[in-house]
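Below is one structure, written out as structure tokens, with a few remarks after it.
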Amino acid sequence: MCKLISPAGDFSSAIYAFQAGADAVYLGLKNFSARKSAINFSFEQAQKLKKYALENKKNIYIAINTIIKDNELDELYNTLYLLNKIQVDAIIIQDMGVFEIIKTYFPNLNIHASTQMAVHNSSGVKFLKQLGFKQVVLARELTFEQIKKIRQDNPDIGLEVFVHGALCYSVSGLCLASEILLNRSGNRGECAQVCRNFYELNNKKGYYFSCNDLALEKNILKLKNIGIDGFKIEGRMKSPEYTFHTTKLYKTILTSPKSDISKLKDNIKLCFSRNQTIGYFENPHAENLIDNEFSTHHGLEIGTVINITKDSFILKTKHKLQLRDGLMFFVDNNKFNAYKFSIKKIIQKKDSVEIFCHKLPKKNQIIYQVSSHALDLPLINENKFIPYQAPLAIKIIAEKNLIKIEFNLDSEAHEFCADIHPQAAKKENIIKILENLFAQSNKNLIQVNKININDPDIFIQPSLLKKLKNDFYVYLNKIIEKNSKICRDVICLSSTTIEDYVPAKNDIPKNSISLPPIIFEEDTFFKNLEKQITQNKNQKFILGINNIHHVYFLKKLQKFENTCFFLDTFTYTDNKFAISFYKKQLDKILFISKNPNPPL
């Protein structure tokens, strides 16, 4: 069954996405998210959302889709440990070091490949399937026919496609502009969106790199028909209202494709919308991709000015307006000079409205509505939501002068002992009493949900039972911290560094070949490369890896004595686990490129 996957930049957005019909939401925690500037989630909020999703048969995917540094491995491991405990439905990753850690220490976590990995061909998907990925978010720069071919070539792995929202000027994950210009890496969640800036070239001014927003709308039915598993909406930086109304639009298209969606589309434009495009869907060179004149929220065109007074204008419109609605017009019809204001005074007329404002438009000028007070959603009260707690089964053994509690945690057997003297039963259901008591632990990561007892006919004083429960949870939390710390120490305190795995070079050999990160006809490309290698046995081929699909082919080429490899710019190998991953795949990796001039 295909899933509609909505953005959750905060807790309210997540709840409203589910209420609007989303089957899953994707979200980031406070760190390791490609949308670092979003509000994002605390771990407790993630726990609450997990419980809500579980009760409503929904899914939550956690985005850990940034490049990780060695000095962050401690925090990363702790984050993964906690997410594993609450059984999130998937982790979305970019860094192959994160993959290596999950496969080694948390094999039960499902892994999805982020669009930041720039997976754009069948071979990349096939290789990720072999590695154990459950789902791949394809690059946004693909045509429908390219997506169709990838689906046909890879029928047994989940494929996800972005269908609505902001587009990158570059291929996702391959843009270095923000890092080079401002030392803010998009691959570290710090993108400064320099593509949205105003530029001047040869006395011409404009937003030369600002992409319109993707809006596939009913085109997603084509994707549904070829078996795409997930339809993804971009927008973790946007409002809960945007998330709600965009989700509602696409849910309606998927479930009632013949419905009139004009009102739903208008609602999205009132929340946030640039000019819209279908991107690369029908054309590999894209259609209507750039808006040189305006780079932000455009709103909904609602009417034309028919008259001007001293301090107001008359607007002919069929749209109902009210106080606090936001309007916009372009001063002197200059799209580089937008004037936005909130309605403070309005007089409703038969086919028009009179609006009072400080700066007035000109007659016959178009007015846009950029917000609607009627669409505002109430804040979600998080206090009404209960955190998810990982279930734990225990066995209680009552002895003459002792109570023992046996349980398994992190694949290890444990035993907790308490100096309590059970007494003869007083016709009370001790198991029911214990279950109710141990369930009173909302603050803990783990909650006892199943109790077995060797003697159900015993009695324990209520005060001692409460102490037993409290002491047990203290003991349990110490084990959790200890287990987490043991593996964290192995990961973080190891004396090995990136340089111990592979040396880094600023100046790469002149005969090195940086493989292009984007190769659509990959079979032909690597077949020709193999031909070159076999025909030139005396030439050394030093090949730079820049995309995950390269590894799929280079594993076959490493048998030739005149080939060796290096980790080029776009492998983003900033931690020792990422290096370890590539070293396991390929024997002849010579160095990591630190070349400041990346391959095009």
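Side chains are part of it too, since the values below use all heavy atoms of this structure and drop only hydrogens, waters and symmetry mates.
Scanning for side chain to side chain donor-acceptor pair (under 3.5 Å) contacts around K3 gives N59, with sequence neighbours left out.
Between I518 and E141 there is no side-chain heavy-atom pair separated by less than 4.5 Å. At least one side-chain heavy atom of I60 sits under 4.5 Å from a side-chain heavy atom of F18. Taking the side chain as every heavy atom from C-beta outward, V88 and N110 never approach each other to under 4.5 Å. Between K126 and H549 there is no side-chain heavy-atom pair separated by less than 4.5 Å. Between M328 and H297, the closest side-chain pair of non-hydrogen atoms is not below 4.5 Å. When side chains are defined from C-beta on, T79 does not count as touching N31, because their heavy atoms never get closer than 4.5 Å. Counting heavy atoms from C-beta outward, I226 and K222 have side chains that stay 4.5 Å or more apart. At a threshold of 4.5 Å between non-hydrogen side-chain atoms, the residues L216 and F162 do not count as touching.
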side-chain hydrogen bond (donor to acceptor under 3.5 Å, both in side chains) between Q94 and S114, intermediate numbers included: CA-CA 6 Å; Q94 175 187 14; S114 170; over 6 Å; no
Working for ring-ring contact (aromatic ring centres under 6.0 Å, His included), residues H358 and F341: CA-CA 9 Å; H358 297 297; F341 63 99; 9.3 Å; no
Before you tell me yes or no, could you show the steps for T296 and R196 under side-chain contact (heavy atoms from CB on, under 4.5 Å), namely the whole-Å CA-CA distance, both residues' side-chain angles and the distance that decides it to 0.1 Å? CA-CA 8 Å; T296 186; R196 301 295 181 193; over 6 Å; no
Checking side-chain contact (heavy atoms from CB on, under 4.5 Å) for the pair D291/S210: CA distance, chi angles, key distance, verdict? CA-CA 6 Å; D291 183 352; S210 181; 5.7 Å; no
Working for side-chain contact (heavy atoms from CB on, under 4.5 Å), residues K51 and L54: CA-CA 5 Å; K51 186 172 181 64; L54 193 64; 5.7 Å; no
Going through the checks in order, is the ring-ring contact (aromatic ring centres under 6.0 Å, His included) test met by Y105 and Y81? CA-CA 9 Å; Y105 297 100; Y81 183 89; over 10 Å; no
Run the salt bridge (charged side-chain N to carboxylate O under 4.0 Å, His left out) check on E234 and R140 step by step: do they pass? CA-CA 11 Å; E234 183 276 338; R140 302 176 221 210; 5.7 Å; no
Please determine whether salt bridge (charged side-chain N to carboxylate O under 4.0 Å, His left out) holds for the pair D23 and K251, giving the CA-CA distance in whole Å, both sets of side-chain angles, and the decisive distance to 0.1 Å. CA-CA 9 Å; D23 302 293; K251 191 67 174 182; 3.4 Å; yes
With salt bridge (charged side-chain N to carboxylate O under 4.0 Å, His left out) as the criterion, how do E72 and R188 come out once you've worked through the C-alpha distance, each side chain's angles and the decisive distance to 0.1 Å? CA-CA 12 Å; E72 297 170 324; R188 297 274 295 158; 2.8 Å; yes
Please assess Y207 against N292 for the test side-chain contact (heavy atoms from CB on, under 4.5 Å), listing each intermediate value before the final yes or no. CA-CA 4 Å; Y207 298 95; N292 290 335; 5.5 Å; no
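A side-chain donor-acceptor contact under 3.5 Å links T317 to the backbone of I302. Between the side chain of Q87 and the backbone N or O of A390, no donor-acceptor pair lies under 3.5 Å. A donor-acceptor contact shorter than 3.5 Å links the side chain of K224 to the backbone of L254. With hydrogens and angles ignored, the 3.5 Å screen pairs a side-chain donor or acceptor of Q146 with a backbone N or O of T143. Between the E241 side chain and the D376 main chain, no donor and acceptor come within less than 3.5 Å of each other. Within the 3.5 Å criterion, the main-chain N or O of I91 finds no donor-acceptor partner in the side chain of H112. Judged purely by atom type and a 3.5 angstrom limit, R184 uses its side chain to pair as donor or acceptor with the backbone of E190. Side chain of Q348 to main chain of L321: a donor-acceptor pair is present (N/O by atom type, distance under 3.5 Å, no hydrogens or angles). With hydrogens and angles ignored, the 3.5 Å screen pairs no side-chain donor or acceptor of K149 with any backbone N or O of S122. Judged purely by atom type and a 3.5 angstrom limit, D95 uses its side chain to pair as donor or acceptor with the backbone of G97.
Atom CD1 of residue I268 and atom OG1 of residue T243 lie 10.5 Å apart, to the nearest 0.5 angstrom. Between L360 atom CG and T309 atom OG1 the span is 6.5 Å, to the nearest 0.5 Å. To the nearest 0.5 angstrom, I62 atom CD1 is 8.0 Å from I92 atom CD1.
Smallest separation of non-hydrogen atoms from L270 and S372: CD1-CB, 4.0 Å. Annotation for V171 and A118: closest pair CG1-CB, 3.9 Å, computed over non-hydrogen atoms. Taking each heavy atom of P257 and L221 in turn, the nearest pair found is CB-CD1, 3.6 Å. I366 and E301 make their closest contact through CG2-CG, 3.4 Å (heavy atoms, listed as atom of the first residue, atom of the second, distance). The two residues A17 and T247 have their closest heavy-atom pair at O-CG2, 3.6 Å. The minimum heavy-atom distance between I86 and Y388, with the atom names listed, is O-CE2, 3.3 Å.
Using a 4.0 Å cut-off between a side-chain N of Lys or Arg and a carboxylate O of Asp or Glu, K362 and D332 qualify as a salt bridge.
A cation-pi arrangement is not found for K48 relative to F385, the charged atom failing to lie both closer than 6.0 Å to the ring centre and inside a 45° cone about the ring normal.
Side-chain contact check for Q116 and N187: at least one donor-acceptor pair (N or O, by modelled atom type) lies under 3.5 Å. A side-chain donor from one of S33 and R236 sits under 3.5 Å from a side-chain acceptor of the other. Side-chain contact of R324 with S342: a donor-acceptor pair under 3.5 Å is absent, judged by distance alone. Side-chain contact annotation: N212 with T277, donor-acceptor N/O pair under 3.5 Å absent. Under 3.5 Å, the side chains of S262 and D260 contain a donor-acceptor pair of N or O atoms.
K248 NZ: 12 or fewer foreign heavy atoms inside a 6.0 Å radius. Other residues, nucleotides and ligands place no more than 12 heavy atoms under 6.0 Å from the NZ atom of K148. Summarising the local packing, NZ of K218 is surrounded by more than 12 heavy atoms from other residues, nucleotides or ligands at distances under 6.0 Å.
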Per-pair distances, 0.1 Å, donor-acceptor, side chain in residues 127-139, under 3.5 Å, sequence neighbours excluded:
unit_1, atom_1, unit_2, atom_2, d
K129, NZ, D156, O, 3.2
Q135, NE2, E160, OE1, 2.6

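Annotation: ring-ring contact (aromatic ring centres under 6.0 Å, His included) contacts involving residues 230-270, sequence neighbours excluded, comprise H164-Y250.
Checked against F294 for a ring pair (Phe, Tyr, Trp, His ring centres under 6.0 Å), the options F198, F336, F330, Y368 give a single hit: F330. For the pairing with R151, the side chain to side chain contact (heavy atoms under 4.5 Å, CB included) check across V161, L223, V125, D229 returns one residue only, D229.
The aromatic rings of F329 and F313 lie perpendicular to each other, with more than 60° between the two planes, well past the 30° mark.
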